[in-house]
Amino acid sequence: MAREIAKAYEPQQIEPRWADFWVKEALFQADANAPGPIFSIVIPPPNVTGSLHIGHMLDHTEIDILTRWHRMRGYNTLYLPGTDHAGISTQRVVVRQLAEQGINYRELGREEFLKRVWKWKEESGGTIQRQMRQIGDSCDWSREKFTLSPELSPVVREAFVRLYEEGLIYRENRLLNWCPVCLTVLSDLEVVHEERQGHLWHIKYPVAGTQEFLVVATTRPETMLGDTAVAVNPEDERYVHLVGKKALLPLMNREIPIIADAMVDREFGTGAVKITPAHDPNDFEVGRRHKLAEIDVMTDDGKMNAAAGAYAGMDRFEARKKIVEDLKALGLLEKITEHTNAIGLCERSKTIVEPRASTQWFCKMKPLAEPAIAAVERGEIQIVPDNRREEYFNWMRNIRDWTLSRQLWWGHRIPAWYCKENRHVIVAREAPAKCATCGSANLEQDSDVLDTWFSSGLWPISTLGWPENTEDFKTYYPTSLLITGYDILFFWVARMIMLGIHSTGKVPFRAVYLHSLVRTGSGEKMSKSKGTGLDPVALNQQYGTDAMRFCLASMAAPGTDIVLSEDKLTSARNFANKIWNAARFLFVNLDRFEESGTKLDELAAPEVRAKAPYAYRGRVPLVDAWMFARLAATVELVNEALANYRFHEAAQGVYQFFWGDFCDWYIEWVKPELQSADRERATVAWKNLFAAFDAALRLLHPFMPFLTEELWHQLPQRAGAKSIALDQFPEAQDHWKNARAMGNVDAIQEVVTALRNIRAELKLDPKKR
RNA sequence: GGGCGACUAGCUCAGUUGGUUAGAGCGCUCCCCUCACACGGGAGAGGUCAAAGGUUCAAGUCCUUUGUCGCCCACCA
């Protein structure tokens, strides 16, 4: 009796079952002692700031395709999952949540606040884990990691202390980017620049003891309150006579020196620059050279402080307005001109950053960068696509020291302690009992935390057990490949390369594939905060995970960003349906065929099917020969494409093959054969059809794991067995274990050699059909 | 101020080392709900490959210039 199969593919009915099954069976658990060449990959750990977005899905799809593909070809495969605590981002999320409840996080205190963040982390981490299972990530959940876990924290401290002991980590007072909303310093990378139309205010500074004015031009008038000099170029004949004299700082009525410094560009503005060492990086340098006072006129949160005199308490931009008004009233504002400049914004809060001086921890990067540059030059790490190599080199060759400390609470606490008496510094793996210098037991730990990218930078080594030489580390490090978006090349990839090589002497991965970003129709980077992100959960519901995966893969051409559209998702869903219906045809008609006599018992045994194609009276039927030639060509194409990260070619190749060749031509062609009164002839047709179909499923599996898994389970079933209850069908269990191997496909490739002769003889071009 | 990328059918995009009549999906026109699939099948229209010049037996593919758009990097007040 023919089995009942739904007419349309309903992924929602099928996917959750296999998602659970894969986890329950621990099917993808890695074994360091298993045979086979190694393919290991660690996930780019998603931030625990919420849930996975469509960009993650691209990451995960590509990683999973390659992982499954390698696993099917007999590799000892590890796909290690995990999440990132994402210091500043996560802290911001929780701060905002608290604010919505009317709670000021600072009033909550550090300890209580961290409890709230951990609670949020559990929630977000759980969501991410569920999503990853839902989208079919074939990772080893027993090895799941978290960057801020008790397991990894000692590793992070170890790395920090080692770098400190090597003299690469130091503490210094510098002028740095400060975010008045996040209340922390930021590294250069965390500041994004944006061109904005602004003004250049020309302000007249009276020269003391004369009737003259010195006119300076500034884009930030409010900083003048902290001016401690005016500088001109020493070569500038317009101003030489003023050097050494004093200027009277308007509004503050403070006398400040007029100095000469080569840094001043005579062409720009008026050729005279107000010097505010506490609020401008250039001025800071000038200030240090000329031993000028540094007057900070602002508070942490961007308001004017007591040093700002009458303006104290005002917001910095409010103060700007007021100062301009006041100068105008005093007749000291010469003019205002239009001026566009690139202003720095905090990457997270989009607040205008304020340069401020503070004492922070830094890491010297030149010594770390050199071997990291060399490793890429020597090809020990391959960067794909090629043009990103140059970006990497360019950044690495101009690298500046990395600001490691952040004034946040959520993160790895800096392993440094100070004695309260003398502020001696002790850097140690564990909390010390007393000061190494003066013996004081009165110690306090540095209140800052590490930049979140420091622990991310250690990810490939920390997750595999470094600094211990564990089985996992020995077997799976260096990892085979890193797949991530190009937008974090500097933030993350470069740092992993530097820290990996420095810590272990070996590169952390042999290749980096930097994929495109998924954008919305309007071309923006998808982002939840902007509300432009597509919800992968909703899309999965609507189209099915397999369709999503296939769609992303078929669009993942390197170089250009991906714009996802309903059209493409629909087309991928239709493809899944096509596969489903081809199977439906096979299964239903096979049942009918068997009911009429011959049983194709061997169909269930993969080792028999691997001998396809079957011959009819010593001769392989022509269409079958053609089919297997096409199949073999597709196998070659897919293997070649995946080996080079050309996911779209692979996906389009299987699509073309399955729809165009297998369905449109082959199935249609053999339909009469399957009904043939010649029993042997019909049997051969059936066997070849199933062999080809089985091979096609293997090709499709990395892209569409759910659908193929489902069909594999149905493939060996005898007529009458309607439901899939695996524990009741030991035979089926053997089958699916075997199904995840490429074996059959490889066997077919061997057959092709023989087929070439037939093809040549009959002038059949498999590409032209 | 540097660097990178894009510009191919109405739309969204493939087309890696230059080689026969430039492809796909969607859309469009005509026919078909034929016993796997209308989330389908068949037939078809549609492109001087942004512009100009150059190299070559041969260029969407290499070189030069220009235009439009996008991105990244950069401490000029």
Side-chain angles (χ1 to χ4, degrees), chain A residues 5-10 175-177 188-189 191-193 198 200-203 216-221 223-224 227 230-231 263-276 279-286 339 341-342 344 355 384-388 390-391 394-395 398 400 486-487 489-490 516-517 519 521 523-525 543-544 547 551 554-589 592 640-641 644-646 648-649 651-653 655-656 659-660 663-664 667-668 671 675:
Chain A
I5 299 175
K7 198 169 171 182
Y9 178 50
E10 291 162 32
L175 198 83
L176 298 161
N177 311 299
D188 297 333
L189 279 179
V191 177
V192 291
H193 294 274
L200 206 49
W201 286 274
H202 292 64
I203 305 167
V216 301
T218 180
T219 53
R220 297 185 301 153
T223 63
M224 68 178 287
D227 282 4
V230 176
M263 147 270 189
V264 179
D265 179 354
R266 300 196 292 182
E267 307 302 316
F268 189 89
T270 61
V273 190
K274 59 188 266 317
I275 298 296
T276 324
H279 287 281
D280 181 275
N282 283 319
D283 296 5
F284 186 75
E285 297 299 322
V286 174
H339 184 245
N341 56 339
V384 185
D386 228 28
N387 56 335
R388 301 283 168 196
E390 286 310 312
E391 266 175 45
N394 191 41
W395 190 74
N398 297 302
R400 296 156 69 187
Y486 62 76
D487 53 334
L489 176 59
F490 307 138
S516 311
L517 304 181
R519 293 180 189 277
E524 277 178 276
K525 189 167 147 183
Y543 299 97
C551 181
S554 63
M555 297 185 63
T560 38
D561 288 342
I562 295 175
V563 179
L564 209 57
S565 66
E566 300 267 326
D567 276 7
K568 283 166 186 155
L569 286 164
T570 302
S571 144
R573 184 207 55 187
N574 294 353
F575 182 46
N577 188 243
K578 189 75 182 177
I579 299 166
W580 176 259
N581 271 290
R584 185 162 172 259
F585 170 79
L586 261 66
F587 295 154
V588 171
N589 285 290
R592 296 211 180 102
E640 174 76 16
N644 292 294
Y645 318 108
R646 304 184 68 82
H648 66 301
E649 276 183 10
Q652 282 161 16
Y655 183 95
Q656 233 69 273
W659 202 313
C663 293
D664 288 351
I667 291 185
E668 294 307 322
K671 271 178 181 173
Q675 323 279 332

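Lettering of chains follows the sequences in order, A, B, ..., and the numbering in each one begins at 1.
- The distance between atom CZ of Phe490(A) and atom P of rA74(B), rounded to the nearest whole Å, is 8 Å.
- When the P atom of rA38(B) is taken as reference, atom CG of Asn577(A) falls 8 Å away, rounded to whole Å.
- Taking CD1 of Ile579(A) as the start and OH of Tyr655(A) as the end, the distance is 10.0 Å to the nearest 0.5 Å.
- Note on Trp659(A): a side-chain N or O is less than 4.0 Å away from OP1 or OP2 of rG41(B).
- The NZ-P distance, from Lys671(A) to rA36(B), rounds to 5 Å in whole Å.
- Residue contacts shown for Glu390(A) are absent, as no nucleic acid heavy atom lies under 4.0 Å away.
- The side chain of Thr218(A) sits closest to rA77(B) out of rA77(B), rC39(B), rC37(B).
- Distances shorter than 4.0 Å separate some side-chain N or O of Arg646(A) from OP1 or OP2 on rG15(B).
- Taking the side chain of Arg400(A) as heavy atoms from C-beta on, and the options rU16(B), rC39(B), rC75(B), the nearest nucleotide is rC75(B).
- At a threshold of 4.0 angstrom between heavy atoms, the contacts of His202(A) with the nucleic acid are absent.
- Ring pair Tyr9(A)/Trp580(A) is tilted by interplanar angle, where 30° to 60° counts as tilted.
- As a whole-Å value, the separation of Leu569(A) CG from rC11(B) P is 21 Å.
- Partner assigned to rA43(B) is rU29(B), using Watson-Crick or G-U wobble distances below 3.5 angstrom.
- Using atom P as the reference point in both rA24(B) and rG47(B), the two lie 15 Å apart (nearest Å).
- The P atoms of rC13(B) and rG19(B) are separated by 24 Å, rounded to the nearest whole Å.
- With rG40(B), rC72(B), rA14(B) as the candidates, the nucleotide lying closest to the side chain of Gln652(A) is rA14(B).
- Atom-to-atom, CZ of Phe575(A) to P of rG25(B) comes out at 12 Å; the value is rounded to the nearest Å.
- In a base pair of the Watson-Crick type (N1 to N3 plus N6-O4 or O6-N4) or a G-U wobble (N1-O2 and O6-N3), with each distance short of 3.5 Å, rA50(B) is matched with rU66(B).
- Separation of the P atoms belonging to rG2(B) and rA74(B) is 16 Å when rounded to the nearest angstrom.
- A residue-by-residue look at Ala582(A) and Leu200(A) shows that Ala582(A) has its nearest nucleotide of RNA chain B further toward the 5' end.
- The base-pairing partner of rC71(B), taking Watson-Crick or G-U wobble contacts with both distances under 3.5 Å, is rG3(B).
- When the P atom is compared between rU34(B) and rU8(B), the two are found 40 Å apart, to the nearest whole Å.
- Residue Arg573(A) is classed as a base contact, given a heavy-atom separation below 4.0 Å to a base.
- Positionally, the nearest nucleotide of RNA chain B for Met555(A) lies more toward the 5' end than for the other of Met555(A) and Ala217(A).
- Residue-level contact check: Val216(A) touches neither bases nor backbone, having no heavy atom under 4.0 Å from any strand.
- Rounding to whole angstrom units, CD of residue Glu649(A) and C1' of rC13(B) are separated by 14 Å.
- Of all heavy-atom pairs spanning Thr223(A) and Asp227(A), the tightest one is O-OD1, 3.5 Å.
- Rounded to whole Å, the C1' atom of rC26(B) lies 30 Å from the corresponding atom of rG67(B).
- Taking 3.5 Å as the limit, the base of rC37(B) and the side chain of Lys578(A) contain a donor-acceptor pair of atoms between them.
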TODO: Report the C-alpha separation of Glu285(A) and Met263(A) in whole Å, then their side-chain angles, then the decisive distance to 0.1 Å, and conclude whether the side-chain contact (heavy atoms from CB on, under 4.5 Å) test is met.
DONE: CA-CA 10 Å; Glu285(A) 297 299 322; Met263(A) 147 270 189; over 6 Å; no

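- The separation of rG10(B) from rU20(B), taken at their C1' atoms, amounts to 29 Å, rounded to a whole angstrom.
- Separating the C1' atom of rA14(B) from that of rC7(B) is a span of 15 Å, rounded to the nearest Å.
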- [ ] In sequence, state the C-alpha distance, the side-chain angles, and the governing distance for Asn589(A) and Lys671(A), and then conclude on side-chain contact (heavy atoms from CB on, under 4.5 Å).
- [x] CA-CA 10 Å; Asn589(A) 285 290; Lys671(A) 271 178 181 173; over 6 Å; no

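- Of the candidates rA14(B), rC73(B), rA77(B), the closest approach to any side-chain atom of His648(A) belongs to rA14(B).
- Of all nucleotides listed (rC37(B), rA77(B), rC73(B)), rC37(B) comes nearest to the side chain of Asn581(A).
- Comparing rG41(B), rG25(B), rU12(B) by their nearest atom to the side chain of Lys568(A) picks out rU12(B).
- Out of rC37(B), rA77(B), rG40(B), the shortest distance to the side chain of Lys7(A) is found at rC37(B).
- OP1 or OP2 of rG40(B) has at least one side-chain nitrogen or oxygen of Asn574(A) nearer than 4.0 Å.
- Residues His648(A) and Met555(A) are not in side-chain contact: their nearest non-hydrogen atoms beyond the backbone lie 4.5 Å or more apart.
- The listed nucleotides are rA36(B), rA77(B), rC26(B); the one nearest the side chain of Asp567(A) is rC26(B).
- Taking atom CD of Gln675(A) as the reference point, atom C1' of rU34(B) lies 14 Å away to the nearest angstrom.
- Minimum atom distance to the side chain of Gln656(A) is reached by rA24(B), of the listed rA14(B), rC37(B), rA24(B).
- Spacing between rC35(B) and rC39(B) at atom P, rounded to whole Å, works out to 15 Å.
- Remark: rA14(B) base-pairs with no nucleotide in the shown strands. Criterion, Watson-Crick or G-U wobble with two distances under 3.5 Å.
- Side-chain atoms of Thr276(A) and Lys274(A) include a donor-acceptor pair closer than 3.5 Å.
- Asn387(A) comes within 4.0 angstrom of sugar-phosphate atoms only, judged by non-hydrogen atoms across all strands, and of no base.
- Closest to the side chain of Asn589(A), out of rC37(B), rG42(B), rA36(B), is rA36(B).
- Pairing partner, rU61(B): none, since no Watson-Crick or wobble contact has both distances short of 3.5 Å.
- Between the CG atom of Asp664(A) and the C1' atom of rC37(B) there is a distance of 11 Å, given to the nearest Å.
- Note on Ala342(A): a base of the nucleic acid sits closer than 4.0 angstrom, heavy atoms only.
- Contact of the Pro385(A) side chain with the Arg388(A) side chain is registered, since non-hydrogen atoms from C-beta on lie closer than 4.5 Å.
- Within the 4.5 Å cutoff, the side chain of Glu649(A) has no heavy atoms near those of the Ser554(A) side chain.
- Applying the 3.5 Å distance criterion, the base of rC75(B) shares a donor-acceptor pair with the side chain of Asn282(A).
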